[in-house]
Amino acid sequence: MRTGSRRAYNVLVYTTATPILRPLQRHERAPVLTVFRGLGERSRRRRFLGAKPRLSARELETLTDIQRGRHEAIVATDPTTGRAVAIAR
């Protein structure tokens with residue numbers, strides 16, 4: 001939906017709980033895979049600039065190779081389910 005020169009989006013909110021933020025630990029793969037599996041096809045295309053049905057072992061290694069001072073990542077976790085819902089790098 002467009003309103004003037006701005007875009008408006010409908011957002012589905014699954015919980016009203018405030019997410020818990022914490023650093024992603026080096027080689028911690030589960031949250032990365034959980035968030036990736038939760039992305040829709042359109043989100044994956046935008047994030048990876050093309051079709052992306054799965055992460056390769058090398059891509060997963062790159063995304064989880066956290067080196068404090070060089071690479072940082074924050075995981076947002078739903079406090080009611082403990083499920084990772086977002087990652088910021």
Side-chain angles (χ1 to χ4, degrees):
M1 156 180 22
R2 288 195 123 187
T3 56
S5 62
R6 295 182 181 198
R7 291 183 181 182
Y9 298 94
N10 292 325
V11 178
L12 179 60
V13 177
Y14 294 103
T15 181
T16 58
T18 301
I20 297 169
L21 303 178
R22 65 169 181 81
L24 181 70
Q25 300 302 309
R26 189 167 195 199
H27 303 298
E28 186 180 12
R29 296 181 169 154
V32 174
L33 290 171
T34 298
V35 171
F36 181 81
R37 289 182 190 125
L39 293 174
E41 183 180 338
R42 186 176 183 186
S43 293
R44 288 182 188 183
R45 284 185 185 278
R46 287 181 172 180
R47 169 67 176 92
F48 295 97
L49 305 176
K52 191 65 156 163
R54 72 190 69 74
L55 290 172
S56 70
R58 184 172 184 193
E59 290 167 327
L60 186 56
E61 178 65 26
T62 299
L63 290 171
T64 59
D65 187 18
I66 306 302
Q67 298 174 8
R68 301 289 176 233
R70 290 191 64 207
H71 303 282
E72 297 287 338
I74 303 296
V75 179
T77 305
D78 181 333
T80 59
T81 65
R83 183 175 171 264
V85 295
I87 295 179
R89 295 186 56 81

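Only heavy atoms go into these numbers, but all of them, side chains included; no hydrogens, no water, no symmetry mates. Position 1 is the first residue of the sequence; numbering continues from there.
Residues Ala51 and Pro53 approach most closely at C-CD, 3.9 Å, considering heavy atoms. Closest of all the heavy-atom pairs between Ala73 and Arg89 is CB-NH1, 3.9 Å. Pairing each heavy atom of Phe36 with each of Arg54, the nearest pair is CE2-CA, 3.6 Å. Closest approach of Arg83 to Gly38, counting heavy atoms only: NH2-CA, 4.2 Å. Minimum interatomic distance between Ala84 and Thr34 (heavy atoms only, all atoms of both residues): O-CG2, 3.5 Å.
In summary, Glu59 and Lys52 engage in a salt bridge, as defined by a charged side-chain N under 4.0 Å from a carboxylate O. Salt-bridge formation is detected for the pair Glu28/Arg22: a Lys NZ or Arg NE/NH1/NH2 atom is positioned less than 4.0 Å from an Asp or Glu carboxylate oxygen.
Applying the 4.5 Å side-chain rule to ILVMFWY residues, one finds Ile74 in the same cluster as Leu21.
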* Check against side chain to side chain contact (heavy atoms under 4.5 Å, CB included), Gln25 and Ile66 -> CA-CA 7 Å; Gln25 300 302 309; Ile66 306 302; over 6 Å; no
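Within 6.0 Å of the CZ atom in Arg58, the count of heavy atoms belonging to other residues, nucleotides or ligands does not exceed 12.
Remark: side-chain polar atoms of Arg37 are not paired, donor with acceptor, to backbone N or O of Val32 under 3.5 angstrom. Thr64 places a side-chain N or O within donor-acceptor distance of the main-chain N or O of Leu60, the cut-off being under 3.5 Å. Listed for the Thr77 side chain is no donor-acceptor partner under 3.5 Å among the backbone atoms of Pro79. Listed for the Arg47 side chain is no donor-acceptor partner under 3.5 Å among the backbone atoms of Arg42.
No chain of hydrophobic side-chain contacts below 4.5 Å, direct or via other Ile, Leu, Val, Met, Phe, Trp or Tyr residues, connects Ile87 to Ile20.
Counting heavy atoms from C-beta on, the side chains of Val35 and Val85 never come closer than 4.5 Å.
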